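Presented below is the structure to which this report refers.
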Amino acid sequence: SSEKELTIYLQEEMSQNGKAMLNINQCLQQIFGEAISTAYPGIENAPLTVTLNQQAKFGDYQCNSAMPMAQMMKAKGQKVSPREIAEKIVQNIPNNELIERTEIAGPGFINVHLKRMFVSKLLSNLLVNGVQPPSLKKKKKVVVDFSSPNIAKEMHVGHLRSTIIGDSMCRLFEFLGNEVLRLNHVGDWGTQFGMLIAHLQDKFPNYLSVSPPIGDLQAFYKASKKRFDEDEEFKKRAYQCVVKLQSKDPDFIKAWNLICDVSRNEFQKVYNCLDIRIEERGESYYQDMMTVVVKEFEEKGLVQLDEGRKIVFAPGQSIPLTIVKSDGGYTYDTSDLAAIKNRLFDEKADIIIYVTDSGQAVHFQVVFAAAQLIGWYDPKVTRVEHAGFGVVLGEDKKKFKTRSGDTVRLMDLLEEGLKRSMDKLKEKGRDKVLTPEELLKAQRAVAFGCIKYADLSHNRINDYIFSFDKMLDDRGNTAAYLLYAFTRIRSIARLANIQEATLHKAAETTEVLLDHEKEWKLGKCILRFPEILQKITDDLLLHTLCDYLYELATTFTEFYDNCYCVEKDRQTGEVVKVNMWRMLICEATAAVMAKGFDILGINPVQRM
């Protein structure tokens, strides 16, 4: 019977090695799915919508399937009121340990009240096992292509966004138990290397034996570009250098590597600050694969000639891909096709995500369409997606630039962040209470945490205004506020002299009571974590996680202001009474916040 199946499903979910956090919304969908198919076995694909109830006084969740079902039945010529459908669904809800009671409201909303015992049990489970990811049906191979700056050019704020957003997506898929390959698709190949190598040979003729001291690669790039534009002789040499590089002449490969290394060291400084792990696999990696890709498109009869260029039109796309230029050279289109093929066939990816600015959305749309056209993947089986983001604006809402109109160097920006965060900590008098080592840790946590959070807390699709003042403000939805809130929650047990061992023991023996409305509100909020993770896995919009953490912190404050956790003697300040189950609620809040920070790439400190 379906009821038996449901009991088994819930038991499996609960005892999935007993540790996984339960997605309450998914369980309710399962329950209502059963009820609907029992009540109306004739309806195929009945719409199943379970949402959080916006007004807590009416219940915890809400099932809104009755209205769309009435529409479906009306289309088939059956006139049934949504309220009647809702009543029939409710009558067929199978026995379960989640739902306390249901009420039908308005035209046919089904309000759901959860059992307090059940929520309490889930909180105990969380406290004993820690924040474990929801159970994974199958481990997937995920490739995330992010950051991807260009060699010999500065990393700019656009790369900053890609780096922060991409890293957080990787952390999410890793936490959920997938195998993640983090790829840095750097621009390390192309005609600009001809002029750079020619210039290197002139400036440092003994570069093969003595490593050239290129301090400022920017200036070096500009100087070679100036010669390239003004000096015909130099231009010819630059083109010859490209040919030599492409034929893999060892001296030229060495020159190319030297230039790449200078850039790599610069990029690494940024990655070290932001705690980013990434594997470099630049355009050069795909050089030899491109020839094979072009051949494959030709053999399948998908290539057209256009004024000497070889182009590919993908169905439904208005612009073609240029896979070979009229001079026989390859393009970004060719290297992106080679890269996607490599990721699908050699890496055997189940999910591929490209994190670049939205300006490249059309380009990727065409690349994906071409890869489907040639039969490399089926979008129903493999998820290939471009996660685009808006541009970074200054506080004047114009493109983010320095006063002199140059692009802002990332290292300058990060150093400015460190300076500002130290000012902020000193303004709060933290330099008086923290040891110098703690102060430095707090400085880095605040500076880099705030830069990341400010980016991630905005919907990535929109343009984003970069403002140190806003991100370091400790009021409102900022990392500064959340880091302080987190440190405060963590210190509650410490200030009451409760040892960690005591809390661990209490987690196994003390029932978490949720009688006070603020305890109940916070308990439910803590347990929504898996639902949030499910949502951001589906739409890759990380600001939902930030909104949730902010809601968790403010809900905690309400709880803490209304429910005493520790009672102290007014005169002596000694702890008179500790409310253990409330201490456990504090612990559970902190545990979920810590995991949320971890997914966002934010590193909280013990003392701030």
Side-chain angles (χ1 to χ4, degrees), residues 1-14 16 20-56 58-115 118-119 122 134-138 378-381 383 524 527-541 544:
S1 78
S2 60
E3 226 170 84
K4 199 158 148 207
E5 276 168 29
L6 180 75
T7 316
I8 292 168
Y9 167 81
L10 287 177
Q11 276 171 350
E12 268 181 8
E13 284 293 310
M14 286 286 286
Q16 176 64 25
M21 271 187 91
L22 192 71
N23 183 330
I24 295 176
N25 192 318
Q26 260 178 4
C27 292
L28 290 172
Q29 286 187 35
Q30 194 77 17
I31 290 167
F32 279 101
E34 291 289 350
I36 290 168
S37 59
T38 312
Y40 294 97
I43 295 189
E44 286 286 302
N45 299 329
L48 182 59
T49 52
V50 175
T51 58
L52 199 64
N53 208 322
Q54 291 312 315
Q55 292 171 299
F58 296 132
D60 306 311
Y61 285 84
Q62 199 173 56
C63 171
N64 305 333
S65 295
M67 284 71 73
M69 281 173 70
Q71 299 257 276
M72 277 173 87
M73 290 163 85
K74 191 179 171 186
K76 289 184 178 171
Q78 301 164 291
K79 204 169 176 332
V80 192
S81 81
R83 221 184 146 90
E84 203 178 312
I85 296 174
E87 278 160 6
K88 199 164 171 192
I89 293 173
V90 167
Q91 284 157 13
N92 284 282
I93 290 177
N95 280 334
N96 63 82
E97 47 181 332
L98 273 78
I99 300 174
E100 176 74 49
R101 65 180 199 282
T102 55
E103 291 142 6
I104 297 168
F109 298 110
I110 304 171
N111 286 327
V112 179
H113 298 264
L114 297 175
K115 284 187 176 160
F118 180 72
V119 171
L122 290 184
S135 52
L136 194 66
K137 302 284 174 275
K138 173 184 171 288
D378 172 357
K380 289 191 195 68
V381 180
R383 177 180 179 185
K524 288 183 304 179
L527 294 176
R528 268 189 22 240
F529 189 53
E531 294 168 33
I532 300 294
L533 297 185
Q534 181 58 54
K535 186 180 181 311
I536 60 179
T537 307
D538 293 342
D539 62 21
L540 303 177
L541 296 171
T544 309

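Keep in mind that this is a model prediction, so the values were computed, not measured. The basis for the numbers below is simple: all heavy atoms, side chains too, and nothing from hydrogens, waters or symmetry mates.
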Working to the nearest 0.5 angstrom, can you tell me the gap between [X] [atom1] and [Y] [atom2]?
X    : Y    : atom1 : atom2 : answer
L114 : D60  : CG    : CG    : 4.0 Å
M73  : S81  : CE    : OG    : 10.0 Å
E34  : N95  : CD    : CG    : 12.0 Å
E531 : L22  : CD    : CG    : 9.5 Å
R528 : L533 : CZ    : CG    : 11.5 Å
I89  : I31  : CD1   : CD1   : 13.5 Å

Side-chain heavy-atom pair N111, N53 within 4.5 angstrom cut-off: yes
Quiz: residues 63-72 side-chain donor-acceptor pairs under 3.5 angstrom, not counting sequence neighbours:
unit_1 : atom_1 : unit_2 : atom_2 : d
S65    : OG     : P47    : O      : 2.8
S65    : OG     : T49    : N      : 3.2

State, to 0.1 Å, how close [X] and [Y] come at their nearest heavy-atom pair, and which atoms those are.
X    : Y    : value
N96  : K115 : O-NZ, 3.5 Å
P134 : P530 : CG-CB, 4.0 Å
R383 : D538 : NH2-O, 3.1 Å
I104 : G108 : CG2-CA, 4.1 Å
F58  : H113 : O-NE2, 3.3 Å
L28  : L98  : CD2-CD2, 3.9 Å

Using modelled atom types only, decide if a donor and an acceptor are shared between the side chain of R83 and the backbone of G106 within a distance under 3.5 Å. yes
Using modelled atom types only, decide if a donor and an acceptor are shared between the side chain of N25 and the backbone of L52 within a distance under 3.5 Å. no
What verdict does the side chain to side chain contact (heavy atoms under 4.5 Å, CB included) test give for I36 and I43, after you've listed the backbone C-alpha separation in whole Å, the side-chain angles of each residue and the deciding distance to 0.1 Å? CA-CA 9 Å; I36 290 168; I43 295 189; 5.9 Å; no
Does N92 have any side-chain hydrogen bond (donor to acceptor under 3.5 Å, both in side chains) partners at least two apart in sequence or in another chain, and if so, which? none
Do other residues, nucleotides or ligands put more than 12 heavy atoms under 6.0 Å from K79 NZ? no
